[in-house]
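Please read these numbers as outputs of a predicted model, since none were measured by experiment.
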Amino acid sequence: MTSTRRVAVIGGGITGVVAAHRLVQLSDDVAAVAGAPDHGSVVDEVVLFERSHRLGGRLAGTPFAGLDHVDSGADAFLARVPDARDLAVVVGLGDSLVHPEPVGAAIWHDTLHDIPAGLVLGVPSNPLALARSGLLSPRGMARAAIEPLLPRTSLDADSIGDYVRARFGDEVHERLVDALVGSIYATDTDRFSLAEIPQLAALTGDRSLLVAARRIARKNAGTASAAAAPIFATPRRGMAQLAAATADAFARLGGTVRTGATPMVRRDPGRGAAGASGRWRVDDELFDAIVLAVPAAAATPIIEPTDSDLARRLASAETADVVMVTLHIGSDEFPDRLRGRSGYLVPKPVQRDVTAVSFGSQKWAHWAPPDGGEIVRVSLGRDGAPVMHLSDDEIIERVMADLTRHLDVAWTPIDTRITRWEGAFAQYRPHHRRWVDDMRSQLPAGIHLAGSSYDGIGVPACVRSGKTIAERAVETLADLAS
C-alpha cells in the first residue's frame with residue numbers, strides 16, 4: 001500500500017487546465033478545502049492528459065492577414081463575472097487583457113437595425129428604444145407593450161422560447177432574444193433550458209420581464225463609467241494564451257502535462273491511498289481520482305466499461321456543430337457605412353446559412369491587418385442547422401451569397417480561413433440540471449465530470465466548472481484520508 005495520492009485530469013481544454021491547476025494549488029491545503037486536520041498533502045501528484053499536441057481545445061487561433069494570431073474560436077470572455085478575469089490575473093495575464101472598441105452591433109432583418117438600448121440578453125427594458133429600432137412590426141410592438149400587464153408565467157416548461165413568447169409574443173423572441181441567445185449558444189431557444197442561462201433566469205423572479213430587465217439595465221448603466229470594468233476582455237495574443245498560461249502555471253507548481261495521449265481508463269481492483277477502494281488505472285498508472293474534463297461524447301467510452309447504463313445516458317447529450325469563416329477584406333471593398341460596427345446577428349426566421357457576422361478589426365483594435373484591410377468573421381451552423389457536410393467551396397459560396405444579401409457587397413477576400421468545430425456547443429434541453437444531477441449521482445467513486453456538457457457554456461463557466469470539480473475531488477480524497 002502506498003500513501004501517494006495521484007489525480008489524473010483527462011482533457012486539456014480550458015476546463016481541464018483549470019482543474020489541473022486548481023488541484024496543484026490545493027494539494028498542500030487540506031484545511032482550506034474540507035476543514036480536515038492538517039496531516040499532509042491530499043494530492044501528491046497531478047497529471048494532465050490531452051490527446052492532441054496542443055492545449056486549449058476550442059480556444060485556438062492561427063496567423064492570419066499578417067497578424068501573429070487571430071482567434072478561430074471564442075475571441076473574448078465575459079469580464080463582468082469574475083471567473084475568467086480572475087484566472088487571467090492569477091496566471092500572469094492581467095496586464096495583457098484588452099477590451100473591445102466602443103462600437104455598436106446590429107440585427108439584420110431585411111436591413112441592419114441597431115440593437116436597441118437596454119436589452120438584457122435580448123429582453124427589452126426600454127419600449128421607446130425598441131420602437132425606434134424598427135425591428136418589430138406595429139402588431140409586434142403592440143403585443144410586447146402588454147407584457148407588464150400579464151399575470152406571472154409558469155416556469156415548469158423550462159424553455160426560453162416558451163417563456164419569452166408567453167411574455168412578449170413571437171417577434172420579440174425571434175428577432176431579439178433568440179437572435180442573441182441563439183447566436184451565443186448556437187441553439188434553438190425553443191428547446192433550450194431557461195434555468196441554464198443565469199442572466200435570463202434572474203429576470204424571472206419578477207412577474208414582468210420588462211420591469212426586471214429595466215432594473216438590471218439601470219444598474220448596468222449606473223456602473224458604465226470609464227473606470228468600470230468592460231463587459232468583455234481577451235488576452236492581446238488571443239484566447240488560447242489563457243489556456244497556455246494556465247498550463248504553464250500548473251507545470252511550474254509541479255504538475256505533469258502529457259499531450260498526444262489517448263489514455264485507456266479502467267478500474268483497478270486493489271486498494272488505494274489511506275485504504276480507499278477502487279483506484280483507477282490510466283494506461284499502466286494508478287490514480288486515486290480522475291477528472292473527466294471532456295465533452296459527454298468523449299466521456300462515454302471511458303465510462304462504458306464500468307457502467308454501460310450510465311454511458312448510454314451520457315451518450316444522449318446533444319450538441320451543435322459550427323463553422324467559423326475568417327475573411328481578410330481589402331480596404332477598398334469595405335464600405336464606410338459598416339465602420340463603427342462590431343457586427344450583426346441574423347434572426348432564425350430569416351437565416352439561410354449565416355447566423356452571425358463579426359467585423360473583427362472594427363471590434364478589436366489589435367486585429368487591424370498591418371498591410372490594411374479588415375478582418376471579418378462569419379458563423380454558420382446551430383442546433384437544427386447542420387453544416388459539417390458542406391465542402392469548403394460550398395461554405396465559401398454560401399457565406400458570400402449571404403453577405404451579398406445582407407450587406408449589398410461583392411467582396412473578393414484577400415485570404416480566407418475555415419475552421420470546423422464539430423460538437424462545439426452543448427445543447428441544454430429543458431430540465432438539463434436534472435440530467436446532470438442524475439449523471440453525477442451515478443458516477444463510480446473517484447470519477448468526476450467537468451466542463452461545458454454539464455455546467456455552463458462559455459469560458460467563465462468552464463473555468464468555474466474546472467475549479468469546482470477540482471475542489472470536489474480534493475474534498476473526496478480528504479474525506480477518505482481522515
Among side-chain atoms of E101 and S342, is any donor-acceptor pair under 3.5 angstrom?
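On atom types as modelled, these side chains do not qualify, holding no pair under 3.5 Å.
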Looking only at side chains, do R417 and T326 share a donor and an acceptor under 3.5 Å apart?
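Present: a donor and an acceptor within the cut-off.
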What's the verdict on salt bridge (Lys or Arg N to Asp or Glu O under 4.0 Å) for R165 and D190, showing C-alpha distance, side-chain angles and the deciding distance?
CA-CA 9 Å; R165 290 180 194 275; D190 287 312; 2.9 Å; yes
Classify the angle between the aromatic ring planes of H366 and W364 as parallel (below 30°), tilted (30 to 60°) or perpendicular (above 60°).
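If you compare the ring of H366 with that of W364, the planes turn out perpendicular.
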Donor-acceptor pair, distance only, cut-off 3.5 Å: does the side chain of [X] make one with the backbone of [Y]?
X    : Y    : answer
S72  : A60  : yes
D158 : A195 : yes
R236 : S96  : no

Under 4.5 Å between any side-chain heavy atoms of [X] and [Y], yes or no?
X    : Y    : answer
R472 : R440 : yes
Q25  : V90  : yes
P116 : L176 : yes
S361 : E374 : yes

Exercise: identify the closest heavy-atom pair between [X] and [Y]:
X    : Y    : value
L194 : S159 : CB-C, 4.1 Å
L242 : L93  : CA-CD1, 3.7 Å
D206 : R152 : O-NH1, 3.6 Å

Would a line drawn from the ring center of F334 to the ring center of F359 be shorter than 6.0 Å?
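Ring centres of F359 and F334 closer than 6.0 Å.
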